[in-house]
**Q** 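Before anything else, here's the structure in question.
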Amino acid sequence: MNYQSIRAAIEAPLLTAYNSQVPAVPVYFDNITAVPPDPPKEYVRINITFGVTTESTLDGSLDYARGALIVRCFSPKGAGPARCQQMIQLAKQVIDTLNAAPKTSDSTYVRIGQIDGPSFQSPQDFPHFFGRIDAGWQASVK
């Protein structure tokens, strides 16, 4: 199973979208469980988890995987939910684009399932307002 190609197929378009914002929005992938030291004004955390990572195939030429995608967007509390909603909407647009991409016979093919959310929170002891969406994904690697 080629986990890196699956991660890249999901992460690269999200990273590109957030980096193309003016100013660029910092993106942190996985393994970030707390607020980064000296957190920026706004940022995004993306987690990609793997669930079922192998399935039997008839000829063994394809690998299949499933998992979950979680996107958390953090914006300054003073900007309120409007900025956080814009950041979440950007992730949704990327997911829609991924799902519209045609399947090719010699590459990693990813489809993101139904999006759950967005949900928003504004904890009193946390410097950011944050929103979250999550969805299941399926991928095949040839």
Side-chain angles (χ1 to χ4, degrees), residues 1-57 60-142:
M1 176 58 62
N2 190 343
Y3 301 112
Q4 290 305 96
S5 70
I6 294 170
R7 291 183 69 83
I10 299 170
E11 290 176 352
L14 286 164
L15 182 62
T16 299
Y18 286 109
N19 281 342
S20 68
Q21 299 297 296
V22 178
V25 177
V27 177
Y28 299 96
F29 292 101
D30 296 319
N31 302 325
I32 303 288
T33 58
V35 177
D38 298 326
K41 184 171 78 168
E42 58 186 25
Y43 63 98
V44 176
R45 282 182 19 199
I46 298 173
N47 296 87
I48 298 171
T49 62
F50 286 81
V52 176
T53 56
T54 58
E55 291 183 10
S56 300
T57 63
S61 63
L62 287 174
D63 286 323
Y64 293 95
R66 289 184 278 178
L69 167 66
I70 303 166
V71 179
R72 294 178 184 93
C73 297
F74 298 82
S75 63
K77 281 193 175 175
R83 176 61 182 146
C84 197
Q85 179 64 38
Q86 290 172 341
M87 293 166 61
I88 289 286
Q89 182 63 30
L90 185 58
K92 186 199 176 301
Q93 290 169 352
V94 169
I95 290 169
D96 290 345
T97 301
L98 275 173
N99 285 338
K103 184 175 185 178
T104 61
S105 62
D106 62 347
S107 67
T108 301
Y109 177 70
V110 175
R111 283 295 180 254
I112 310 293
Q114 181 177 351
I115 296 172
D116 185 25
S119 61
F120 298 99
Q121 294 182 358
S122 181
Q124 289 184 4
D125 59 343
F126 193 68
H128 293 89
F129 184 89
F130 70 93
R132 170 189 168 137
I133 59 172
D134 56 83
W137 58 263
Q138 297 180 29
S140 62
V141 180
K142 180 103 175 153

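FYI, side chains are in, hydrogens and waters are out, and symmetry mates aren't considered; it's all heavy atoms of this structure. Throughout, numbering of the chain's residues begins at 1 and tracks the sequence.
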**Q** Anything under 30° is parallel, anything over 60° is perpendicular, the rest tilted; go ahead and classify Phe74 against Tyr43.
**A**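 Plane angle under 30°, so parallel.
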**Q** When rounded to the nearest 0.5 angstrom, what is the spacing between CD in Gln85 and CD in Gln89?
**A**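 The CD atom of Gln89 is 6.5 Å from CD of Gln85, to the nearest 0.5 Å.
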**Q** Can you list every salt bridge (Lys or Arg N to Asp or Glu O under 4.0 Å) pair that touches residues 109-125, not counting sequence neighbours?
**A**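 Checked against salt bridge (Lys or Arg N to Asp or Glu O under 4.0 Å) - neighbours excluded - no pair reaches residues 109-125.
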**Q** Quick one: are Leu69 and Ile112 in side-chain contact, heavy atoms under 4.5 Å?
**A**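 A side-chain contact under 4.5 Å exists here.
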**Q** Can you tell me which residue pairs pass the side-chain hydrogen bond (donor to acceptor under 3.5 Å, both in side chains) test with a partner in residues 10-21, sequence neighbours excluded?
**A**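 For residues 10-21, and leaving out neighbouring residues, the side-chain hydrogen bond (donor to acceptor under 3.5 Å, both in side chains) pairs sorted by first residue read Arg7-Glu11.
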**Q** Can you find a heavy atom in the side chain of Ser140 that is under 4.5 Å from one in the side chain of Lys103?
**A**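 Ser140 vs Lys103: side chains touch.
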**Q** Indicate yes or no: at least one non-hydrogen side-chain atom of Arg45 is less than 4.5 angstrom from one of Ile70.
**A**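 Arg45 vs Ile70: side chains apart.
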**Q** Measuring from Gln138:CD to Arg66:CZ, what's the distance to the nearest 0.5 Å?
**A**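 Rounded to the nearest 0.5 Å, the CD-CZ separation comes to 6.5 Å.
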**Q** Quick one: closest heavy-atom pair of Gly131 and Cys84, and the distance?
**A**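 It is N-SG, 3.1 Å.
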**Q** Kindly compute the distance separating CG (Asn99) from CD1 (Ile115), expressed to the nearest 0.5 Å.
**A**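 So the gap between those two atoms works out to 8.0 Å.
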**Q** So, for His128 and Pro123, which heavy atoms are closest and what is the spacing to 0.1 Å?
**A**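 That would be O-CD, 4.2 Å.
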**Q** Does some side-chain heavy atom of Ile133 sit less than 4.5 Å from a side-chain heavy atom of Ile95?
**A**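 In contact.
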**Q** Given side chains that start at C-beta, do those of Trp137 and Leu98 come closer than 4.5 Å, heavy atoms only?
**A**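 No; the side chains remain at least 4.5 Å from each other.
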**Q** Provide the closest heavy-atom pair for Ala135 versus Gly113 in the form atom of the first, atom of the second, distance.
**A**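 Scanning both residues completely, I find the closest heavy atoms to be CB-O, 3.8 Å.
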**Q** Tell me if a side-chain donor or acceptor on Thr108 pairs with a main-chain N or O of Ile6 at a distance below 3.5 Å.
**A**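 Between the backbone of Ile6 and the side chain of Thr108 there is no qualifying donor-acceptor contact (under 3.5 Å).
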**Q** Between Met87 and Ser75, which heavy-atom pair has the shortest distance, and what is it?
**A**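 That would be SD-CB, 4.3 Å.
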**Q** Kindly write out the residues that satisfy side-chain hydrogen bond (donor to acceptor under 3.5 Å, both in side chains) with Asp96, not counting sequence neighbours, or none if the list is empty.
**A**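 Partners of Asp96 by the side-chain hydrogen bond (donor to acceptor under 3.5 Å, both in side chains) criterion, ordered by chain and then number, come out as Lys92.
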**Q** Looking at every heavy atom in both Pro102 and Tyr109, which two are closest together, and how far apart are they?
**A**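 The pair with the smallest heavy-atom distance is C-CE1, 4.3 Å.
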**Q** Any heavy-atom pair between the side chains of Ile46 and Ile10 that's under 4.5 Å?
**A**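 Heavy-atom side-chain distance check fails, nothing below 4.5 Å.
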**Q** How many angstroms lie between atom CZ of Phe129 and atom NZ of Lys77, to the nearest 0.5 angstrom?
**A**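 Here the rounded value is 9.5 Å.
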**Q** Between Asp30 and Ile48 (side chain of the first, backbone of the second, donor and acceptor by atom type, cut-off under 3.5 Å), is there such a pair?
**A**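 Yes; at least one donor-acceptor contact below 3.5 Å.
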**Q** Please say which of Asn47, Leu90, Val44 ends up in a side chain to side chain contact (heavy atoms under 4.5 Å, CB included) with Val71.
**A**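 Going through Asn47, Leu90, Val44 one by one, the side chain to side chain contact (heavy atoms under 4.5 Å, CB included) with Val71 is satisfied by Val44 alone.
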